[in-house]
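Worksheet for the structure shown next.
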Amino acid sequence: MAEYFVGNKEYFPGIGKIKYEGPKSDNPLAFKYYDPDKKIGGKTMKEHLRFAVAYWHSFCADGTDMFGAGTQKQPWKLDAKSPMEGAEHKLDAAFEFITKLGAEFYAFHDRDIAPEGATPAESEKNLMTIVAKAKERQKATGVKLLWGTANLFSNPRFMNGAATNPDFAVVSHAAAQVKAAIDATIELDGQGYTFWGGREGYMSLLNTDLKREKEHLGRFLVMARDYARSRGFKGVFYIEPKPMEPSKHQYDFDVETVAGFLKQYGLEKDFRMNIEANHAELAGHDFHHELETAAALGLFGSVDANRGDPRNGWDTDQFPMSYYETSLAMLTILKVGGFTTGGLNFDAHIRRNSVDPADLFEAHIGGMDAFAVGLEVAHRIIQDGKYAAFIKERYASFDSGDGARFEKGQMKFEELAGLAKEYGNVGFTSGKQERLENLLNQYLLGL
């Protein structure tokens, strides 16, 4: 197998395979901390981290924002004689980039890889034509599909929602698109399928039947799940929480909200969370909080790896660079046994003024290094056992005696209340937050 994939044209000339050179290297196109073959606790970094490249940001976004046109020249767009030819050029560029970077996976929306047609049938034909070509490139390179999804938010028909749209005809269009995207994911042996309800919410309650819309969404997801299972799909379905933007309020607000929704519609056995750091921030939570909540509920699945800007109130989708955040994230991920079908998908884009071809590589390198550091720090924390021992001691009163009986449901409420007379004045044991934060900094510095 070649060191990296090149189609009919090399779209990133002068940039070869990205290699690990160690923390002393000053080469911006080399990994400083991510050594894919390094063993951490019996698994390689590559096996632990399962990095994926997001097709939409890396090969579709060109720096356009609401205030200005695109700034980034994408050579795969230049010579195409038709939208379908352009889609194949983009596919070649994507597999060249992914293999040069050394990522194991990619993720896409249907409209990222194939242009929409004039009818649902034409759109599906376009999609499956490109899927066949993607399958050839996967076989040639060993790159795999982490998950697929459908873009149910860009087309104007979805301005009032997709599965939650008040017009049944639009709901049928959404179903046609999801059906085709599920078929594409199955054909490419995707390990999961993701739903992100960008327009599944409301702009105003004055024109919204909230109860009915949520019921429609639940029914839609049940039907999609049943269809995929009938087609032999054995992977995991993900919901990606986000509180707002583009909608004022989205029904998949955060992990807790989605967990209740899944249980209400009997979906909790098939669905897990795809948690994005920037979305957690928009919901008023820490990334670590959302991961811990999903883990506590048995719903952790996959991660969209990025970060937001706390000074901006929107989804900036910057590459993750904080070793502190990645360490806490990997601590939770390791505690739940690591990824199975999920992974770390870089749902992030380079800045509008990052216009050199190398910038896309350097952004991913930085993110991969950040999670490699986080993996090593988290592993040291778990191996050392100080945090686990502290937490065990903090909750020790529930491990025996009356506390254990309470946890097991062997106590009536009046008995619980009556015990207060025996315990007297209690509740002044220090939480030692400052000590634990200092300890985390020691782990980060490797001391």
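What you are looking at is a predicted structure, and each value in this text was computed from that prediction instead of being measured.
Ion pair Glu104/Lys46 not flagged as a salt bridge, since none of the NZ, NE, NH1 or NH2 atoms sits closer than 4.0 Å to an Asp/Glu carboxylate oxygen. Taking the charged nitrogens against the carboxylate oxygens, Lys211 and Glu215 do have a contact shorter than 4.0 Å, which makes a salt bridge.
Looking at Gln177, its side chain does come within 3.5 Å of a backbone N or O of Asn151 through a donor-acceptor pair. With hydrogens and angles ignored, the 3.5 Å screen pairs no side-chain donor or acceptor of Asn278 with any backbone N or O of Asn306. At distances below 3.5 Å, at least one donor-acceptor pair connects side-chain atoms of Tyr387 with backbone N or O atoms of Leu440. A donor-acceptor contact shorter than 3.5 Å is absent between the side chain of Glu187 and the backbone of Val131. Put simply, the side chain of Gln72 gets close to the backbone of Arg351: a donor and an acceptor are under 3.5 Å apart. Ser247 contributes no side-chain N or O that, together with a main-chain N or O of Gln250, makes up a donor-acceptor pair within less than 3.5 Å. Between the side chain of His48 and the backbone N or O of Ile40 there is at least one donor-acceptor pair closer than 3.5 Å. In this structure, Glu213 contributes its side chain and Thr208 its backbone to no donor-acceptor pair below 3.5 Å. Looking at Ser123, its side chain never comes within 3.5 Å of a backbone N or O of Glu116 through a donor-acceptor pair.
Here the side chains of Tyr251 and Thr257 are not in contact, with every heavy-atom distance at 4.5 Å or above. Side chains of Glu256 and Thr293 form a contact here, defined as non-hydrogen atoms less than 4.5 Å apart. Side-chain contact between Tyr4 and Leu101 is absent, with no heavy atoms from C-beta onward closer than 4.5 Å.
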- Item | Residues Asp183, Tyr227; criterion side-chain hydrogen bond (donor to acceptor under 3.5 Å, both in side chains); working and verdict | CA-CA 10 Å; Asp183 290 341; Tyr227 171 74; 2.6 Å; yes

- Item | CA sep, side-chain torsions, deciding dist, call: Glu268, Lys263, salt bridge (charged side-chain N to carboxylate O under 4.0 Å, His left out) | CA-CA 5 Å; Glu268 69 273 15; Lys263 189 170 183 179; over 6 Å; no

- Query: Going through the checks in order, is the side chain to side chain contact (heavy atoms under 4.5 Å, CB included) test met by His279 and Asp304?
  - Reply: CA-CA 9 Å; His279 292 179; Asp304 269 11; 5.9 Å; no

- Task: Show the numbers, then the answer: is there a side-chain hydrogen bond (donor to acceptor under 3.5 Å, both in side chains) between Asn160 and Asn165?
- Result: CA-CA 5 Å; Asn160 292 314; Asn165 200 288; 5.1 Å; no

- Stepwise side chain to side chain contact (heavy atoms under 4.5 Å, CB included) test for Lys242 and Asp315: CA-CA 10 Å; Lys242 186 179 182 182; Asp315 204 0; 3.1 Å; yes

- Kindly indicate, with the supporting measurements, whether the criterion ring pair (Phe, Tyr, Trp, His ring centres under 6.0 Å) is fulfilled by Phe95 and Tyr106. CA-CA 9 Å; Phe95 273 82; Tyr106 69 113; 5.4 Å; yes

- Check the pair Val373, Asp369 against side chain to side chain contact (heavy atoms under 4.5 Å, CB included), reporting the backbone distance first and the verdict last. CA-CA 6 Å; Val373 170; Asp369 273 343; 5.6 Å; no

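Atom NZ of Lys73 has 12 or fewer neighbouring heavy atoms from other residues, nucleotides or ligands inside a 6.0 Å radius. For Met159, the CE atom is loosely surrounded, since the number of other residues' heavy atoms within 6.0 Å does not exceed 12. Around CZ of Arg212, the count of heavy atoms belonging to other residues, nucleotides or ligands within 6.0 Å does not exceed 12. Atom NZ of Lys392 has 12 or fewer neighbouring heavy atoms from other residues, nucleotides or ligands inside a 6.0 Å radius. For OH of Tyr265, the number of neighbouring non-hydrogen atoms (other residues, nucleotides, ligands) closer than 6.0 Å is greater than 12. Around the CE atom of Met128, the shell of radius 6.0 Å holds more than 12 heavy atoms that belong to other residues, nucleotides or ligands.
The aromatic rings of Trp196 and Phe153 stand perpendicular to each other, their planes meeting at an angle above 60°, with 30° marking the opposite boundary. Relative ring orientation between Tyr33 and Tyr323 is described as perpendicular, the plane-to-plane angle rising above 60° on a 0-90° scale split at 30° and 60°. Between Phe300 and Phe339, the two ring planes are tilted [angle within 30° to 60°]. In this structure, His364 and Phe346 have perpendicular ring planes: the angle between them is above 60°, well past the 30° mark.
For Arg394, the side-chain contact (heavy atoms from CB on, under 4.5 Å) partners two or more places apart in sequence, or in a different chain, are Phe390.
Put simply, the residue from Thr149, Asn274, Thr341, Thr194 that forms a side chain to side chain donor-acceptor pair (under 3.5 Å) with Tyr238 is Thr341. Checked options Val53, Ile113, Leu146; the residue passing with Phe108 is Ile113 (criterion: side chain to side chain contact (heavy atoms under 4.5 Å, CB included)). None of Asp92, Val143, Thr99 except one satisfies the side chain to side chain contact (heavy atoms under 4.5 Å, CB included) rule with Arg137; the exception is Asp92.
For Lys90 and Phe59, the positive end is not near the middle of the six-membered ring at less than 6.0 Å and at most 45° from its axis.
Note: Phe237 and Phe271 meet the aromatic proximity criterion, with ring centroids under 6.0 Å apart.
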